[in-house]
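Below is one structure; the comments refer to it alone.
Chain letters run A, B, ... following the sequence lines, proteins first and then strands; every chain starts at 1.
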Amino acid sequence: MTVITRFAPSPTGYLHIGGARTALFNWLFARHHKGKFLLRIEDTDRERSTEDAVRAILEGLRWLELDWDGEPVFQFARASRHAEIARGLLAQGKAYHCYCSPAELTEMRERARAEGRSPRYDGRWRDRDPKDAPPDIKPVIRFKAPQSGETVVEDLVQGRVAVANAELDDMVLLRADGTPTYMLSVVVDDHDMNITHAIRGDDHLTNAFRQTQLFLACDWQPPRYAHIPLIHGADGAKLSKRHGAVALDAYATLGLLPEAMRNYLLRLGWSHGDDEIIPTQQAIQWFGLEAVGRSPARFDMEKLLSLNAHYIKEADPKILLPPVTARIETTLGRPLDTTERARLDAALPGLRPRAQTMIEIADGALFLFRTRPLTLDAQAAKLVSAEARRLLGLVGQALAALPAWDNASLEACVRTSAEGAGVKLGAIAQPLRAALTGSTVSPGIFDVMAALGREEVLARIGDLTNS
RNA sequence: GUCCCCAUCGUCUAGAGGCCCAGGACGGCGGCCUCUCACGCCGCAAACGGGGGUUCGAAUCCCCCUGGGGACGCCA
């Protein structure tokens, strides 16, 4: 049997990390089993579903590089199919019309809560004669759920979970306006799409009982369920739109690598011994539901960043350069020319180990493109004493006469100058750093010189020594 | 309130009765390296929520408590 999973977000908000992890787990599970990973947009809530949200979700998945099979299914487009199932259930006596008004239902819940009972629908139309129907109210169709016995879900993550059917009330299948509810749509779609494994957030666990009963009523086989624990915010509460659930594209903007994000998300709730660095290909080989934990996890930006730093160090320059260049050009407000691109290229190896994000690479590279004379920051300015200028003059001369301009030659040259002047390397390297970068923090000074090129180096030194 | 789920360092986790006076990672602290800052390397502090059982033996199994979370919509 081919494994078929699905990611089924509702387009009522942006894709956040919780949803992203759910998508990732479904994707990994499908890829591991060489099955299919489908995408279904649950847009049956016409009030709140938006085009923008759909776009954001698709973009988020693309950024994460989680490719889905086939075309996305838009749930609302299948509404008539869902309604047909509801009417079929009605015809079979497995569902019934309910004429309660919203106000009546609210009152029912409030009273139940006040009396310490669970706020459920009390089934008052379940066995009532249709002749009692008030003429002015359009009914909803409710599912006639079993009232005794228990419903069991053999969850692939949570294990066996059972609930007394007395706890389940008769949920609405079709709204008064004839549109299907989520509960109906998921069941029909999961069946029609041949979903074999439904991997979703823990918050759906109670829905699984209701959905199981609906599957049974339709004589269908429910999918295997796997309810993964939620990701909580730093305060331990569920992530929501207004609660630290930063949209996925915010992380892209921060300069994170999708590979790092996948690795981080994977380790939230899933483990493979002590392994921490797990590239995606490895994850596909190893992933399984048995190793998913059952307790909720908190989101930790620091760890994500450290993983990102790791992947930045290993990344192919080809994938780093475009976003870094774009960021630099935005900051500068102009495009980089060929010489500047070459400088960036040369400086990249020195920049990488110092950055946790691509933004930090870009910011760290800015000194390469500053116009002369450089403005020195306060710390750097302090380094350029009269004595330092004298030393800079000496290195400047030595550098001007240097035949080669590679890292090793530069180092030899500067070291020789330092020895000649009877000072330690630092006494020259630091003023040099100030002169060349305007700062006291930068990649290795020989890397800086190599990236900048002879002309620019001599000019920047000259700016401080010729005055 | 009712039902369901969860519970190991600050955080993510390893641990499926003896290998654990609990291991790894991030973060923290200290050191080494060193032209600055990083990287890297070395080291340190840091946890089995509490109480009862079961067992020769429990972080691991059972019960209770406590604490967290989730669900109770004509939202998904």
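Across the C1' atoms, B/A7 and B/G50 are found 12 Å apart, a figure rounded to whole Å. The gap from the C1' atom of B/A46 to that of B/C3 amounts to 37 Å, rounded to the nearest Å. Taking atom P in both B/A16 and B/U60, the straight-line distance is 13 Å, to the nearest Å. B/C4 sits 26 Å from B/G53 when the C1' atoms are compared, rounded to a whole Å. A gap of 10 Å separates the C1' atoms of B/C48 and B/C9, to the nearest Å. B/C32 and B/C37: their P atoms are spaced 13 Å apart (whole Å). Between B/A38 and B/G28, the two P atoms lie 11 Å apart (nearest whole Å). B/C35 and B/G27 have their C1' atoms separated by 29 Å, with the value rounded to a whole Å.
A/R352 is listed as a side-chain neighbour of A/L320, based on a closest heavy-atom distance under 4.5 Å. For the pair A/T212 and A/V153, the minimum side-chain heavy-atom distance is below 4.5 Å. Side-chain contact between A/W270 and A/I278: present, with at least one pair of heavy atoms (C-beta onward) separated by less than 4.5 Å. Here the side chains of A/L248 and A/M261 are in contact, with some heavy-atom distance below 4.5 Å. Proximity of A/W68 to A/F7: side-chain heavy atoms (C-beta onward) are nowhere separated by under 4.5 Å.
When the P atom of B/C35 is taken as reference, atom CG of A/L383 falls 15 Å away, rounded to whole Å. Rounded to an integer number of Å, the gap from CG of A/D447 to P of B/U36 is 14 Å. Between A/W270 atom CH2 and B/G15 atom C1' there is a gap of 16 Å when expressed in whole angstrom units. Across the protein-nucleic acid pair, A/K424 atom NZ and B/U34 atom P stand 11 Å apart, rounded to whole Å. In this structure, A/L230 places its CG atom 14 Å from C1' of B/A76, rounding to the nearest Å. As rounded to whole Å, 13 Å separates atom P of B/A7 from atom NE2 of A/H232. What separates CG of A/L305 from P of B/C39 is a distance of 13 Å, to the nearest Å. The nearest whole Å value for the distance from the CD atom in A/Q158 to the C1' atom in B/C3 is 15 Å.
In terms of phosphate contacts, A/R109 brings no side-chain nitrogen or oxygen within less than 4.0 Å of OP1 or OP2 of B/C72. Here A/T44 reaches the OP1 or OP2 of B/A76: one of its side-chain N or O atoms lies under 4.0 Å away. Contact annotation: A/R294 reaches the phosphate of B/C6 (side-chain N/O to OP1 or OP2, under 4.0 Å). Dashed line: the shortest gap from a side-chain N or O of A/S271 to OP1 or OP2 of B/A14 is under 4.0 Å. In this model, the phosphate group of B/C74 is approached by a side-chain N or O of A/R142 to a distance below 4.0 Å at OP1 or OP2.
Of the listed nucleotides (B/C5, B/A76, B/C74), B/C5 has the atom at the smallest distance from the side chain of A/V161. Comparing B/C74, B/C35, B/C5 by their closest approach to the side chain of A/A429 singles out B/C35. Ranking B/A38, B/C74, B/G69 by closeness to the A/P353 side chain, first place goes to B/A38. Which of B/C72, B/U36, B/C35 sits closest to the side chain of A/S442 comes down to B/U36. Nearest nucleotide to the A/R354 side chain, out of B/C74, B/A38, B/A76: B/A38. With B/G27, B/C74, B/G24 as the candidates, the nucleotide lying closest to the side chain of A/S306 is B/G27. The side chain of A/Q75 approaches B/A76 more closely than any other nucleotide in the set B/G27, B/A76, B/C4.
Counting heavy-atom neighbours within 6.0 Å of A/K313 NZ, excluding the residue itself, gives a total above 12.
The nucleotide B/U2 finds its pairing partner in B/A71, both defining distances of the Watson-Crick or G-U wobble pair being shorter than 3.5 Å. Shown here, B/U60 forms no base pair; nothing in the strands shown gives a Watson-Crick or G-U wobble contact with both key distances under 3.5 Å. As the counterpart of B/C39, no nucleotide is assigned, since no Watson-Crick or G-U wobble pattern has both distances under 3.5 Å. Nucleotide B/A7 is matched to B/U66 when pairs are restricted to Watson-Crick or G-U wobble geometry with both distances under 3.5 angstrom. B/A14 is unpaired under the Watson-Crick or G-U wobble criterion, no partner having all donor-acceptor distances under 3.5 Å. Nucleotide B/C33: unpaired (no Watson-Crick or G-U wobble partner with both distances less than 3.5 Å).
Ion pairing of A/R415 with A/E419 is absent here, as no side-chain N (NZ or NE/NH1/NH2) approaches a carboxylate O to less than 4.0 Å. Salt bridge present: A/R55 and A/D52 bring a charged side-chain N and a carboxylate O closer than 4.0 Å.
Residue side chain A/H272 fails the stacking definition with respect to B/A14, as its ring centre and the base's six-membered ring centre are not both under 5.5 angstrom apart and under 30 degrees in plane angle.
No engagement by A/C98 is indicated, since no non-hydrogen atom pair under 4.0 Å with the nucleic acid exists. Residue-level contact check: A/V140 touches the bases, meaning some heavy atom is under 4.0 Å from a base atom. At a threshold of 4.0 angstrom between heavy atoms, the contacts of A/H204 include nucleobase atoms, whether or not backbone atoms are also involved. Residue A/P9 is classed as having no contact, given no heavy-atom separation below 4.0 Å to the nucleic acid. Base contact: A/I445 has a heavy atom under 4.0 Å from a base atom. Across all strands shown, A/G444 has heavy atoms under 4.0 Å from base atoms, whether or not it also approaches the sugar-phosphate. At the heavy-atom level, A/R200 lies nowhere under 4.0 Å from the strands shown.
Taking the six-membered ring where the residue is Trp, A/H97 and A/Y99 present tilted rings, their angle falling between 30° and 60°.
Take the nearest nucleotide of RNA chain B for A/E302 and for A/D43: the residue whose nucleotide is more 5' is A/E302. Each of A/R21 and A/A162 lies near RNA chain B, and the nucleotide nearest A/A162 is the one positioned closer to the 5' end.
Scanning atom types as modelled, no donor and acceptor separated by under 3.5 angstrom connect the side chain of A/N207 and the base of B/A71. Checked by distance alone, A/D274 brings a side-chain donor or acceptor within 3.5 Å of a matching partner on the base of B/G23.
Within residues 430-441 of chain A, the residues that have a heavy atom under 4.0 Å from RNA chain B are, in order of number, A/Q430, A/R433, A/T440, A/V441.
By the 6.0 Å and 45° rule, A/R142 stacks over the aromatic ring of A/Y121. Taking the centre and axis of the six-membered ring of A/F76, the NZ or CZ atom of A/R46 falls inside the cone set by 45° and 6.0 Å.
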Enumerate the protein-to-nucleotides 9-12 of chain B contacts in which both atoms are nitrogen or oxygen and the separation is below 3.5 Å.
| from | atom 1 | to | atom 2 | distance (Å) |
| --- | --- | --- | --- | --- |
| B/C12 | OP1 | A/R298 | N | 3.0 |
| B/C12 | O2' | A/R267 | O | 2.8 |
| B/C12 | O2 | A/K303 | NZ | 3.1 |

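Of the N and O atoms on the side chains of A/Q430 and A/R433, at least one donor lies less than 3.5 Å from an acceptor on the other residue.
Of the inter-residue distances, the one linking A/L266 atom CG with A/Q282 atom CD reads 10.5 Å to the nearest 0.5 angstrom.
Partners of A/S185 under the side chain to side chain donor-acceptor pair (under 3.5 Å) rule, at least two apart in sequence or in another chain, are A/H82.
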